[in-house]
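Worth knowing before you read on, the calculation uses all heavy atoms, side chains too, and leaves out hydrogens, waters and symmetry mates. Numbered from 1 within each chain, the chains take letters A, B, ... in sequence-line order.
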Number of protein chains: 2
Amino acid sequence: MAPTDHRPLTLRDVSEASGVSEMTVSRVLRNRGDVSPATREKVLEAAKALGYVPNKIAGALASQRVNLVAVIIPSLRNMVFPEVLSGISNVLETTDLQPVVGVTDYLPEKEERVLYEMLSWRPSGVIIAGLEHSDASRAMMRAAGIPIVEIMDIDGTPIDAAVGISHRRAGREMAQAILKQGYQHIGFMGTKMPLDHRARKRFEGFTEVLAKNGIEVEDQEFYSGGSALAKGREMTEAMLERSPELDFLYYSNDMIGAGGLLYLLEKGYDVPGKIGLAGFNGVELLDGLPRKLATMNAGRSEIGTKAAEIIAERVADPTKEVERIVELSPKVLYGDTLKRR
Amino acid sequence: MAPTDHRPLTLRDVSEASGVSEMTVSRVLRNRGDVSPATREKVLEAAKALGYVPNKIAGALASQRVNLVAVIIPSLRNMVFPEVLSGISNVLETTDLQPVVGVTDYLPEKEERVLYEMLSWRPSGVIIAGLEHSDASRAMMRAAGIPIVEIMDIDGTPIDAAVGISHRRAGREMAQAILKQGYQHIGFMGTKMPLDHRARKRFEGFTEVLAKNGIEVEDQEFYSGGSALAKGREMTEAMLERSPELDFLYYSNDMIGAGGLLYLLEKGYDVPGKIGLAGFNGVELLDGLPRKLATMNAGRSEIGTKAAEIIAERVADPTKEVERIVELSPKVLYGDTLKRR
DNA sequence: GTGAAAGCGCTAACAG
DNA sequence: CTGTTAGCGCTTTCAC
């Protein structure tokens, strides 16, 4: 076999093989317009026999339409985001739109680069995590002239539309729940992430309510990197050694909360009697723990679903007015670690 | 402000704004060819002022070059795949290639669709999980004329190149380690996934070694859906009730293994004295458990790294010969649950 | 160092 | 129902 020059197949090849004009071949392959069953058959056969795969690049340029939706998130390791993605995929699968994922690692500069790259493919819409972006990023999104949905957070001003929860409110509600159960000596653990705005807002809401009740967070600790479960364990140990008077530990995510819970159970602490615990997110993982960690449901797949729906509607009808802000309600899940003592 | 018609900006706009020809503008924006510092300056300024974002669709069509690498994996929920992705990203970030992720949900038909979609964007290469694909999928990949790297598994015949471990061997080695420690009554738990070929191969290798030693798996159970941690817990309870004579439990992944471990510790079982445990994957999560589950390191980020390197090399020099099969060695990690009793 | 012309592979728009 | 023509926005190639 001579080493065939690997020129990719084009419409013209299918046209010649089937004896049908390029235009009609194109119509068949896109299911557009009326084509007689006979020619359709011929075309499909030829295309299949050749193994033709359409060139979307050329198609997109000619039609000025790209069925991609850019989805920009901080990380894939955080469990939370794959769930949001599922929600998005489920909805987009019912349309002819396709998600394309970009990851920012919580870095604004990287967000900017990723956004630039993605916009240069002229997607039909953008779903992006958070409301905080660099000026350049905002400018790009505004200038793109496509629907933009900012997700996860609604505490701020969206460029176009936002779907999520109020993290300030989430923090406030958790604080209220904790105080209501009579806990008074509270420690906090979280990620060392100045750029995790949502965690910051939760913490702000949390301390705000405590302050109103004359209470302060008595100890706090932050981590970065490593196994979150292990970090939760270590931080909890260190904190209780330092501040044995604490009767409640609030974790900025469920993973470190789970680590803390395992540690406390192992050491024989009375949870939630002597000490209560709560995390944030409502991850599935918690179902498998010996005791159920209190947490808060942030409605992740719902966020994905709603965001994708907004994009789909706006793509279908660009003039359509949609709600600018969709606020979902975070719910305190009491589990077994935040209970009337 | 009149509602500006949102015609996206083109090179021509930048050209007009800067008084430089389109061609030269293009050269500046791509850093290609010599351009005088003065004009370069002018162009950059104009582009920035306008907020111009190049149109890669047109660029790709004209240059017949697309800097995308299609990465096709079964799922994002499985921890394992985000890690592989990190490895890929880390390498590709040093080139001008970009990963684009597609998810198949372990369904061959979906794999076929995703592949078709991705190939229609004419990527520079494909990284795809597994060696089992539909005939149509294989045909497409072969016909694409681009480097294809199949990852995770090497037990089979790659289309072009493969990077991964032998799951049969992994299963065999785990069986040997278990037998060597004197365990004799073995139960198995895994996913109910006829399409998870790698889990199947591990199981085959595992039973092969047991058989050679005159031993059979005495009980087994499969699950699907739900929280893996919780399922591990439930299945373990059910299995030990049914088969109390078991002295070792082999789990097809670390998550269910962790669930089992937590259950056993809670019930006060002597681990690994009365009963030993092992999982598969070496996930970071295990570091946070009260006791370290025995497992096997499958070298995930290494797989991603190596696969991306192969693609990058082949893109840089298509004639270059690369190893067709890169076998990484799975290593048994004894942890605290597979020990001399 | 810079510019003009041609064309990448497809589809919109129109004609028949 | 089918075909023809023009051109999407850029880069290649070749001229100057």
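- The closest side-chain donor-acceptor pair between R40(A) and S36(A), if any, does not fall under 3.5 angstrom.
- The pair E16(A)-R12(A) meets the salt-bridge criterion, since a charged nitrogen lies less than 4.0 angstrom from a carboxylate oxygen.
- To the nearest angstrom, C1' of dT11(C) lies 5 Å from CE of M23(A).
- Read 5' to 3', the first and last nucleotides of DNA chain D with an atom closer than 4.0 Å to a heavy atom of chain B are dG9(D) to dT12(D).
- Using modelled atom types, one finds no donor on one side chain facing an acceptor on the other under 3.5 Å when comparing H133(A) with E112(A).
- One interatomic measurement links the two molecules: CG of L61(A) to P of dG7(C), which rounds to 16 Å at whole-angstrom precision.
- Of all the residues in residues 25-50 of chain A, R27(A), D34(A), V35(A), S36(A), T39(A) reach under 4.0 Å from DNA chain D with at least one non-hydrogen atom.
- For the pair D160(B) and R314(B), the salt-bridge criterion is met [side-chain N within less than 4.0 Å of a carboxylate O].
- Residues D153(A) and R198(A) are not paired through a salt bridge, judged by the lack of any N-O separation under 4.0 Å between the basic side chain and the carboxylate.
- One atom, CD of E22(B), and another, P of dA4(C), lie 10 Å apart when rounded to the nearest Å.
- Counted by atom type alone, S86(A) and S89(A) present zero donor-acceptor pairs between their side chains at under 3.5 Å.
- In this entry the distance linking CG of N55(A) with C1' of dC8(C) reads 9 Å, nearest Å.
- Annotation: the terminal axes of the helix from dG1(C)-dC16(D) to dG16(C)-dC1(D) meet at 30°, where each axis is the rotation carrying the C1' atoms of four end pairs onto the next four (5 pairs per end, rounded to 10°).
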Problem - Worked verdict on K110(A) versus V114(A) for side-chain contact (heavy atoms from CB on, under 4.5 Å) - result: CA-CA 6 Å; K110(A) 189 158 181 202; V114(A) 168; 4.1 Å; yes
Problem - Chi angles and distances behind the side-chain contact (heavy atoms from CB on, under 4.5 Å) call for W121(B), V53(A) - result: CA-CA 9 Å; W121(B) 288 99; V53(A) 176; over 6 Å; no
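- Under 3.5 Å, the side chains of S137(A) and S134(A) contain a donor-acceptor pair of N or O atoms.
- Look at Y52(A) and you'll find a side-chain N or O under 4.0 angstrom from OP1 or OP2 of dC10(C).
- Distance from the side chain of V20(B) is smallest to dG3(C) among dG9(C), dG3(C), dC10(C).
- As rounded to whole Å, 10 Å separates atom P of dT11(C) from atom CZ of R65(A).
- The existence of a salt bridge linking R7(A) and D13(A) is confirmed by a sub-4.0 Å separation between a basic side-chain nitrogen and an acidic carboxylate oxygen.
- Separating the CD1 atom of I57(B) from the C1' atom of dC10(C) is a distance of 12 Å, rounded to the nearest angstrom.
- Between K306(A) and E302(A) there is no salt bridge, since no side-chain nitrogen of the basic residue lies less than 4.0 Å from a carboxylate oxygen of the acidic one.
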